[in-house]
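Protein chains get the first letters and strands the later ones, always in sequence-line order, with residue 1 at the start of each.
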2 protein chains.
Amino acid sequence: MPKTNIRTLAKQLGLSQGTVSKALKDSYEISAATKERVMALARKLNYVPNAYASSLRKQKSKTIALVLPEVADSFFSVAINGIESVAQKKGYHVLIYLTHENFAKEKAILNELKSGRVDGVLVSVARETKHPNHISALQTNGVPVVLFDRVLADTITAEVCTNDFECGYIATKHLIERGCRKIAYLSISKNLSIVNERLEGYKKAIREYELPPDKDLLITCNNSEGHNHAAIKKSLSSKNRPDGILASVEKLIITTYHVCKALHLEIPANVKVAGFSILPSAAILSPPVTTISQPAFEIGEAAAALLFKILEKKDHGPENTKIILPSALIIRGST
Amino acid sequence: MPKTNIRTLAKQLGLSQGTVSKALKDSYEISAATKERVMALARKLNYVPNAYASSLRKQKSKTIALVLPEVADSFFSVAINGIESVAQKKGYHVLIYLTHENFAKEKAILNELKSGRVDGVLVSVARETKHPNHISALQTNGVPVVLFDRVLADTITAEVCTNDFECGYIATKHLIERGCRKIAYLSISKNLSIVNERLEGYKKAIREYELPPDKDLLITCNNSEGHNHAAIKKSLSSKNRPDGILASVEKLIITTYHVCKALHLEIPANVKVAGFSILPSAAILSPPVTTISQPAFEIGEAAAALLFKILEKKDHGPENTKIILPSALIIRGST
DNA sequence: TTTATTTACGAAACCGTTTTCGTAATAGTA
DNA sequence: TACTATTACGAAAACGGTTTCGTAAATAAA
């Protein structure tokens, strides 16, 4: 109850609060003896300095924000660990915000972050987000931003992502080489960078192997499991059904498996399946699924590290750094 | 750059900062005309009040902390969504901390949270945590705590968890009724409440069916995937190998599947497997795995809601409320 | 008309730190 | 001895809101 603050300590020690503050920070201005006395009492009373008073005065919050669509995907789960590990090492706190794929919410959150609450922000944009105005607005306010995984095209922001284009290409090529001729691409957004990059890679492979491009093979899914299931089922039930499927995100792999099960389609005999995912259970699915596996932890780590680099202004102009960490194609029984 | 604060507004409007502050908060003391002028300029300059100045004065942070072992498990991923959804509705911010199952880290984090940074804390304790001293210390400091999922025995803290004892019992009973006589229980800690509750349920079923208790069937795993794999493999390779396995956490199911695959043990013919998990891919594993599925989102929601109830002191004495949300046994091909 | 009340605002304290600046006392130098 | 430098600390001003209290002016009541 007797919330001990710096004044309490000062009074009990017969010192001024300034002196106590300096002693606690091990300032050269204070004698060793006094420091000892101050430290001892602080320990005894379990003194914990008020974080906000300190932040207010120093204009530094020692806090970063993490703005995510959701924690549904195991990608983000793992990325959080990477980010948190770096932040903890640096003695920073992490605020987490979920946009639920909603642009208005994302905008509102970023606007709120102009309040001095955080020193920097990590963002993986919502599916709905098309332009970076709200992000630049935050930067203009003096809050550095690093985008990770889901970045935006043509921004002058620091970014960490993976080689989505290349992986879309490699995965599609793999499916083609395994005999697929009609490969469906399961998207989750028309304007999400990673999904489009992967799609462009897909298209490149299709072109390269001179397969007929088919708009019906581009299936746009969304956040509704019901809709996705229906859309995939419709495609796989058609007489001209695909013989290969490339899922742009993890949960669409699972939906695809469920649909195949329902339709009694054999994987990989009737249809081959690959997808972007880091599911730990990928290898024990029935059958084990071929994945393009992103270095989620490392992406999180790199994004956080880059943000701290900007905060510490070590390098010149790291505000526009783009880091690309490669993913790996892991071939399993489904293709 | 020209960081607009309340003084900037006041100066431009020819008002005192107190008046501006009150106008922005729609105080009855201020005339409608003045409020309009203030609001208009605030909008124009995109004024965002400094969060920490406000928190410092009001002694309210509008922030809660979420202290977790890790975000590896899909349980916590989903729980975060539940917690965040409630916090967002209440206009609260969420700080996330990972203990990495380390007690010392958990203690340090909770100690730091005495700094006034948060109004309340949600904790799911680390595997190593045995006693609640660090938690009561925080409470004594005036910071309410709600434990969720991984709670501590004999605490006077508010808690939200699931019916672990009952589920351990039901799952074990299910395995017995499917013909198992030697059921191994895969633990991850000697002192974690949920793991022990589940174990007690397991023991009750074993007793009830008069199966011979066998210490070799209690396998203690840890955070090392290698160790766990080896331990399970050793057990399943022994001549007296178990014919049923109950995994206390999600990742041990996956490890078990991998071991069975490596040993060419058929599930469920040679060994039946069940586990506590909300893996979305549970139904499409090979074979689909029987799970005890926790209401993770709801537990998160309930925990956050309970914390806010305490913060708002609506009820009398919600500080000791215990909420139990039931899990469900979902029987699939593995048993 | 006088008094009481309400309205609308300003002055200033306050939240708990940090930091600048000033200054006694002591130590060192010429 | 006189002067400079250093040491060790205190006073007070920040940081940017919020809140209490006081008060002039306008309005209402007597």
Side-chain angles (χ1 to χ4, degrees), chain A residues 1-39 41-42 45-63 112-119 141-142, chain B residues 1-39 41-42 45-63 112-119 141-142:
Chain A
M1 285 306 120
K3 34 188 175 177
T4 54
N5 56 25
I6 223 166
R7 258 168 268 261
T8 318
L9 295 180
K11 206 159 288 177
Q12 289 201 33
L13 291 164
L15 292 169
S16 78
Q17 47 170 324
T19 304
V20 173
S21 175
K22 290 171 197 161
L24 289 169
K25 306 192 68 193
D26 199 30
S27 161
Y28 69 97
E29 292 185 62
I30 308 300
S31 73
T34 304
K35 278 179 190 169
E36 257 318 310
R37 287 179 57 219
V38 173
M39 301 286 196
L41 186 63
L45 300 184
N46 197 354
Y47 166 72
V48 181
N50 183 290
Y52 294 156
S54 172
S55 289
L56 177 59
R57 178 60 232 243
K58 295 202 288 188
Q59 299 289 77
K60 274 273 161 205
S61 66
K62 277 269 181 183
T63 306
E112 238 272 347
L113 292 177
K114 294 174 185 165
S115 67
R117 197 182 286 276
V118 295
D119 296 341
N141 242 261
Chain B
M1 285 306 121
K3 35 187 174 178
T4 55
N5 56 25
I6 221 166
R7 263 167 262 262
T8 319
L9 295 179
K11 205 159 288 176
Q12 288 201 33
L13 291 164
L15 292 169
S16 78
Q17 48 170 324
T19 304
V20 173
S21 174
K22 290 170 197 162
L24 289 169
K25 306 192 69 193
D26 200 29
S27 160
Y28 70 96
E29 291 186 63
I30 307 300
S31 73
T34 304
K35 278 178 189 169
E36 255 319 307
R37 287 179 59 218
V38 173
M39 300 286 196
L41 187 64
L45 300 184
N46 198 353
Y47 167 71
V48 181
N50 184 290
Y52 295 155
S54 172
S55 289
L56 178 58
R57 178 60 230 248
K58 295 202 287 189
Q59 299 289 78
K60 273 274 160 203
S61 67
K62 278 267 180 184
T63 306
E112 237 273 347
L113 291 177
K114 293 175 187 165
S115 67
R117 197 182 285 276
V118 296
D119 297 339
N141 242 261

### Query
Whole Å only: how far is the CD1 atom of B/I30 from the P atom of C/dT7?
13 Å

### Message
Could you tell me if the side chain of B/L56 sits less than 4.5 Å from the side chain of A/N50, heavy atoms only?
### Response
yes

### Query
side chain to side chain donor-acceptor pair (under 3.5 Å): which pairs involve residues 24-35 of chain B, sequence neighbours left out?
B/D26-B/K35, B/S31-B/T34

### Query
Can you check side-chain contact (heavy atoms from CB on, under 4.5 Å) on B/L45 and B/L9, steps first, answer last?
CA-CA 9 Å; B/L45 300 184; B/L9 295 179; 3.9 Å; yes

### Query
Between atom CZ in B/R7 and atom P in D/dT18, what is the gap in whole Å?
11 Å

#### Entry: D/dG16 phosphate, OP1 or OP2, under 4.0 Å from B/N50 side-chain N/O
no

### Task
Using the test side-chain contact (heavy atoms from CB on, under 4.5 Å), find all partners of A/S16 that sit at least two apart in sequence or belong to another chain.
A/T19

### Task
Identify, with sequence neighbours excluded, every residue that meets side-chain contact (heavy atoms from CB on, under 4.5 Å) alongside B/S115.
A/V48, A/A51, B/E112, B/R117

### Message
By the salt bridge (charged side-chain N to carboxylate O under 4.0 Å, His left out) test, which pairs, at least two apart or in different chains, include something from residues 49-60 of chain B?
### Response
none

#### Entry: Side chain to side chain, A/I6 and A/Y47, heavy atoms closer than 4.5 Å
yes

### Message
Between P on C/dT7 and OH on B/Y28, what's the gap in Å once rounded to a whole number?
### Response
10 Å

### Query
Roughly how bent is the helix from C/dT1-D/dA30 to C/dA30-D/dT1 end to end, in steps of 10 degrees, with each end axis from five pairs?
50°

### Query
Which nucleotide sits closest to the side chain of B/N5: D/dG17, D/dA8, C/dC9?
D/dG17

#### Entry: N or O in side chain of A/Q59 less than 4.0 angstrom from D/dG16 OP1/OP2
yes

### Task
List for me each residue that meets side-chain contact (heavy atoms from CB on, under 4.5 Å) alongside A/K62, sequence neighbours excluded, and say none if there are none.
A/Y92

### Query
B/L15 CG to C/dA11 C1': how many Å, rounded?
14 Å

### Query
Using a cut-off of 4.0 Å on non-hydrogen atoms, how would the nucleic acid contact of A/S55 be classed: base, sugar-phosphate, or nothing?
nothing

Polar atom pairs (N or O), protein with nucleotides 25-28 of chain D, under 3.5 Å:
none

### Message
Walk along nucleotides 18-25 of chain C from 5' to 3' and tag each nucleotide B, S or - by protein heavy-atom contact under 4.0 Å, base first, then sugar-phosphate.
### Response
BBBB----

### Task
Quickly work out the A/L56 CG to C/dC14 C1' distance and round it to whole Å.
12 Å

### Query
Between atom NZ in A/K11 and atom P in C/dT17, what is the gap in whole Å?
13 Å

### Query
Would you say the side chain of B/V38 lies within less than 4.5 Å of the side chain of B/L13, judging by non-hydrogen atoms?
yes

### Task
Rounded to the nearest angstrom, tell me the gap between atom CZ in B/R37 and atom C1' in C/dC9.
12 Å

## Note on the structure
Taking every heavy atom of A/T4 against every heavy atom of A/N46, the minimum-distance pair comes out as OG1-O, 4.4 Å

#### Entry: Partner set under side-chain contact (heavy atoms from CB on, under 4.5 Å) for A/S61, not counting sequence neighbours
A/S55, A/T63, A/D119, B/Y52

